[in-house]
Amino acid sequence: KLQELMADRLNKGQQTILFLNRRGYAGFVSCRSCGEVMKCPHCDVSLSEHKGGRLICHYCGYTQPMPKLCPKCGSKYILGFKAGTQQIEEKLKELYPGVRTLRMDADTTRTKDSYEEILSSFANGEADVLIGTQMIVKGHDFPKVTLVGILAADLSLNASDYRAGERTFQLLTQAVGRAGRGSKAGEAVIQTYMPEHYSIQTAAKQDYDAFYEQEILYRELMGYPPVDEMLGIYLSGKDLEKLESCAEQLAEWIRNAHVEGLCLIGPADAALARKNDSYRKVIYMKHEKKIILLKIKKLLEQQIAGTDNWNDIVEDDEIQIVVTDAKKRRQYYDEYGL
C-alpha cells in the first residue's frame, strides 16, 4: 500500500516523509510470522537480547534462553529487529529509479548546520522523499508533503519500558500530523505487526481520550506511575563484583525495613549494562504514596553515608550511587540507557 501511494505522489510531484521509528529498537525479539514479542512474565515489558543467546528483563533481572521457535505460533522466524535509514534509502532508489532523497539521522546531522540545511533543502523541493528518525516529526511544516509512511511502528512499542505505549502514541501522533498541512489533503500509512494495539489505533485516529482510558488501566493493573509512585536507585562502577555486592546490600536493607505496600524490583542490569568499562545496575521501588518513597530515599542516603564499607567504596569513586524519584528520572534515562 505504501509503495503504491508513494508512486502516486512521485507522479504528481508531491513529497513524502518516511519516518523510521527507531526508539527502543535495540534488543527486543519478535516473531515475523505472528508478531509475538518476548516479554517478561513479571513486569510486562519486552525482554532484551544479549550476547550468548540470553533474553533479559532490565527491570527485575529475569532471564531466559533465546527461543528457537515462536511460543505462540511455532514459527522459526523469531529474531531481533535491526533497521536503518541508510538501508531504506538504498531500497527506495532501487524501487524508484531517479527518486531524490534526503536522509536525516545521527550520521547526516553531525556538522553544525547540517540539520537546518537538510530541512531547508526539503522545504525548497530539492527532494521527493525525506527519510529520518524522530527528529523529522517534531513540529515541522512542509505544505507539499501529502504522504507520511511510518516504518516499524512496533519498535518503540516494544521497548523495555513501562512507558513504551505512551511514547509510541506520542511519536505516531506527531508523525501522522506531518501529512496534509498545506492545501492538499494528506494520508498516513502505519506499518506494524500489531495493528490492533490501542496505542497504534488511537494514534491513527488522533484520539487522546481513548488512548488515556486504555493506558491508565494498564498502569493501574501493573502499579506504574501515575497510579503508584516509583523510586530508582542507579549504581555504576568498574568492579562488577563490588557493584553487585553493593546493590544486593542495598536491596537487602530495603527488604529488612518491611515497609507495608512497598514493591521492590531488582537489582538488575541497566538496559545499557556497561559503558566506558563501567558496569550499571538498577533497583526500583513502587508504592502508592510518594511520601513513603521520599522517606526511604532519605534513609537510604543516610545509610550509605553512615556505613563504613559503602562510604569507603563511594569516596574512592569505585561506585557511584544515585537515588531519584520518577520526576528526576528523565535526566538518567540516556545516561543509563533505560
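Gly232 and Tyr284 get closest at one heavy-atom pair: CA-CD2, 4.1 Å. A pairwise comparison of heavy atoms in Cys246 and Leu235 identifies SG-CD2, 4.1 Å as the closest pair.
Sequence neighbours left out, not one pair with a member in residues 194-209 passes salt bridge (charged side-chain N to carboxylate O under 4.0 Å, His left out).
Side-chain contact check for Glu89 and Thr85: no donor-acceptor pair (N or O, by modelled atom type) lies under 3.5 Å. For the residue pair Tyr96 and Gln3, no side-chain donor N or O sits within less than 3.5 Å of a side-chain acceptor on the partner.
With sequence neighbours left out, Pro67 forms a side chain to side chain contact (heavy atoms under 4.5 Å, CB included) with Met38, Leu55, Gln64, Ile78. Listed by chain and number, the residues in a side chain to side chain contact (heavy atoms under 4.5 Å, CB included) with Leu221 amount to none (sequence neighbours excluded). Partners of Asp128 according to the salt bridge (charged side-chain N to carboxylate O under 4.0 Å, His left out) rule, which considers only residues two or more places apart in sequence or in another chain, are Arg100. Taking the side chain to side chain contact (heavy atoms under 4.5 Å, CB included) definition, one finds that Ala251 meets it with Arg255, Leu264, Pro267, Ile283, sequence neighbours left out. For Glu126, the salt bridge (charged side-chain N to carboxylate O under 4.0 Å, His left out) criterion is met by no residue, not counting sequence neighbours. Residues satisfying the side chain to side chain contact (heavy atoms under 4.5 Å, CB included) test with Gln206, not counting sequence neighbours, are Thr173, Val176. Phe169 is linked by a ring-ring contact (aromatic ring centres under 6.0 Å, His included) to Tyr208, Phe211, counting only residues two or more places apart in sequence or in another chain. Not a single ring-ring contact (aromatic ring centres under 6.0 Å, His included) links Tyr77 to another residue, sequence neighbours left out. Under the salt bridge (charged side-chain N to carboxylate O under 4.0 Å, His left out) criterion, Lys68 pairs with no residue, sequence neighbours left out. In this structure Arg9 satisfies the salt bridge (charged side-chain N to carboxylate O under 4.0 Å, His left out) test together with Glu187, sequence neighbours excluded.
A salt bridge links Lys281 with Asp269: the distance from a Lys NZ or Arg NE/NH1/NH2 to an Asp or Glu carboxylate oxygen falls below 4.0 Å.
Looking only at side-chain heavy atoms (C-beta outward), Lys93 and Thr101 come within less than 4.5 Å of each other. Between Met285 and Leu300, the closest side-chain pair of non-hydrogen atoms falls below 4.5 Å. Arg163 has its side chain out of reach of Tyr224: every pair of non-hydrogen atoms, C-beta onward, lies at least 4.5 Å apart. The shortest distance between side-chain heavy atoms of Cys34 and Cys70 falls below 4.5 Å.
Grouped with Tyr212 in one hydrophobic cluster are Ile216, Val227, the linkage being side-chain heavy-atom contacts under 4.5 Å among Ile, Leu, Val, Met, Phe, Trp and Tyr residues.
Transitive grouping of hydrophobic side chains (ILVMFWY, heavy atoms separated by less than 4.5 Å) brings Met104 and Ile150 into a common cluster.
Between the NZ atom in Lys298 and the CG atom in Leu294 there is a gap of 10.5 Å [rounded to 0.5 Å]. Expressed to the nearest 0.5 Å, how far CD1 of Ile296 lies from CG of Leu262 amounts to 4.5 Å.
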